[in-house]
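Here the structure is a predicted model, which is why all the values come from computation and not from measurement.
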Amino acid sequence: MTRFFAFLPAGVVLACIPLAACAADVDGSQLGLHWALPFAGMLLSIALLPLLAPTFWHRHFGKIAAAWALAFLVPFAASFGAGAALASLAHAAIAEYVPFIVLLAALYTVAGGICVRGNLHGSPALNTGLIALGTLLASIMGTTGAAMLLIRPLLRANDNRRHAAHVVVFFIFLVANAGGALSPLGDPPLFLGFLNGVDFFWTTVHLALPALFVTATVLSVFYVLDSYYFRRDGNPGPARVKLTPDLRGVAIDGKVNFALLACIIVLVLISGVWKPRVQFDVFGVPVQLQNMLRDAGLLVVLFVSLRVTPSSARDGNGFSWAPIDEVAKLFAGIFVTIAPVIAMLHAGQRGAFADAVQWTLQDGQATVPLYFWVTGLLSSFLDNAPTYLVFFNIAGGDAQTLMTSGASTLAAISAGAVFMGANTYIGNAPNFMVKAIAESRGVRMPSFFGFIGWSACVLLPVFAMTTWLFFWH
């Protein structure tokens, strides 16, 4: 635990310049494409260094993230003033980074205290069932919560299989991404929409069929592929495997953490619907009372979980702080360097990415398929929450209009942000966390580009069919 909190001060200094702060302090139309170079360098470091210099990367990835962050922050301060840069960082540290890492840490700690023991053997039927269960739970407890709850039982069930990386890849596709499409609790972009006036069950109604199609299609592909690898590993074919697992002797340690997961869900939901209009000034940054209480409550839940969870549960999970440590440091660097990219996108047709914005318009009217693909492809490499907000505003920004006459456009933006976060490891925070946990358990995961290859072969054809079925009008 000490190691985890040790990097927080550095992480706060490297915290992201959020969309709101960046837009308020600097006009994105004033920024040229060269401001995106540190972000490109950060992505290339994540993609190439684990392949070219793995030992150096694993020892120094935090320093590398810090270096790219400074490569943006120092010129930014020189161009727009140190005061503006420091004010933006203070806003980001208090209003953005701390809530981000506290929520992830709480989910990681609580879910890591639930250990499923028993006769779970990684057959195609069991693996498909666990991924389907996680996909369903993702819209209830969030993609991060569902992923952290089920990734360890899934890894344990497959620990005797020679080919297991594909199981984790499909788990990321569905549990860590597409499964969060049915409620604002599922994925941050939808929660942002909820905060901006989109009805809680609007996404449930309008994304139900696209989500069902994506989930059923990808699960079917997974079952066929997993059956192939299952036979290659020397196991009997699927026809000779029982469709239901042997549940005799299955037990769950750390059941108290299910109640703590419910507390996390309630805290997040209350912070979105309760608006007491009370705020405090912290180092010049206004902090809303509901957000302060949420984060304090999440820390309480985290420490309660550490206190009440039997040590046998965390030992059984092989629990360590290394995955959350890696995610926090890398995403701190990503969020810093992403700031000018988001600002330029937010500038719309006045910014350096005017062509990308114009691509979503045809004769001044919204082109629904392009909203799906542009939002989605950008969400694959940028944080999907601010990307959603950018295109929500480009489409008009009025929730009542978008939920009615603009329903197809809003559905396309929502689906693109949620579904296509699965295209890369950095598309959604749980992706990297699941990868890190799998690697800590000895699974040889695909490289950054290798994972993109998986998503290109499996997901992009599914998304093309999704476009034709649901967004081509």
Test log, rule side chain to side chain contact (heavy atoms under 4.5 Å, CB included), inputs Trp373 and Leu378: CA-CA 8 Å; Trp373 280 95; Leu378 288 174; over 6 Å; no

With sequence neighbours excluded, residues passing side chain to side chain donor-acceptor pair (under 3.5 Å) with Asn423: Ser380

To the nearest 0.5 angstrom, please state how far the [atom1] atom of [X] sits from the [atom2] atom of [Y].
| X | Y | atom1 | atom2 | value |
| --- | --- | --- | --- | --- |
| Arg441 | Leu155 | CZ | CG | 6.0 Å |
| Thr215 | Phe222 | OG1 | CZ | 14.0 Å |
| Ile131 | Tyr223 | CD1 | OH | 13.0 Å |
| Leu49 | Phe448 | CG | CZ | 12.0 Å |
| Leu219 | Thr135 | CG | OG1 | 5.5 Å |
| Ile101 | Asp295 | CD1 | CG | 12.0 Å |

Verdict with reasoning, Ser305 to Arg314, per side-chain hydrogen bond (donor to acceptor under 3.5 Å, both in side chains): CA-CA 11 Å; Ser305 177; Arg314 296 199 190 278; 2.8 Å; yes

Do [X] and [Y] have side-chain heavy atoms sitting under 4.5 Å apart?
| X | Y | value |
| --- | --- | --- |
| Met433 | Ile324 | yes |
| Phe280 | Pro286 | no |
| Trp57 | Leu48 | no |
| Leu149 | Phe258 | yes |
| Ile114 | Thr309 | no |
| Ile46 | Phe61 | no |
| Pro340 | Phe39 | no |
| Phe303 | Thr109 | no |

Looking only at non-hydrogen atoms, find the nearest pair between [X] and [Y] and report the distance.
| X | Y | answer |
| --- | --- | --- |
| Ser379 | Gly416 | CB-O, 4.4 Å |
| Gln290 | Pro276 | OE1-CD, 3.3 Å |
| Leu107 | Met148 | O-CB, 4.1 Å |
| Phe230 | Ser123 | CE1-CA, 3.7 Å |
| Gly297 | Leu267 | C-CD1, 3.6 Å |
| His166 | His163 | CE1-O, 3.3 Å |

Check: [X] side chain, [Y] main-chain N or O, donor-acceptor pair, under 3.5 Å:
| X | Y | value |
| --- | --- | --- |
| Trp202 | Met403 | yes |
| Ser455 | Ile452 | yes |
| Thr217 | Val214 | no |
| Asn158 | Leu154 | yes |

Ring-ring centroid check Phe319 Tyr108, cutoff 6.0 Å: yes

Derivation and outcome, side chain to side chain contact (heavy atoms under 4.5 Å, CB included), residues Phe56 and Ile64: CA-CA 10 Å; Phe56 176 79; Ile64 294 169; 3.7 Å; yes

When the side chains of residues 169-193 are checked against the rest of the protein, which donor-acceptor pairs come out under 3.5 Å, sequence neighbours left out?
from	atom 1	to	atom 2	distance (Å)
Asn177	OD1	Ala422	N	3.3
Asn177	ND2	Ile172	O	2.8
Asn177	ND2	Asn431	OD1	2.9
Ser183	OG	Ser139	O	2.5
Ser183	OG	Leu185	N	3.1
Ser183	OG	Gly186	N	3.4
Asp187	OD1	Thr143	OG1	3.3
Asp187	OD1	Asn428	ND2	3.1
Asp187	OD2	Asn384	ND2	3.4

Test: Arg161 and Asp226 ion pair at under 4.0 Å: yes

Phe200, CZ: over 12 other non-hydrogen atoms inside 6.0 angstrom: yes

Candidate list Leu293, Val110, Val102, test side chain to side chain contact (heavy atoms under 4.5 Å, CB included), partner Leu298, passing option: Val102

Among Ile252, Asn257, Asn317, the one residue meeting side chain to side chain contact (heavy atoms under 4.5 Å, CB included) with Cys115: Asn317

Tyr425 and Phe432 aromatic ring geometry - parallel, tilted or perpendicular at 30°/60° bounds: tilted

Residues Val168, Lys435; criterion side chain to side chain contact (heavy atoms under 4.5 Å, CB included); working and verdict: CA-CA 8 Å; Val168 183; Lys435 172 182 179 288; over 6 Å; no

Working for side chain to side chain contact (heavy atoms under 4.5 Å, CB included), residues Phe372 and Ile413: CA-CA 5 Å; Phe372 174 65; Ile413 292 170; over 6 Å; no

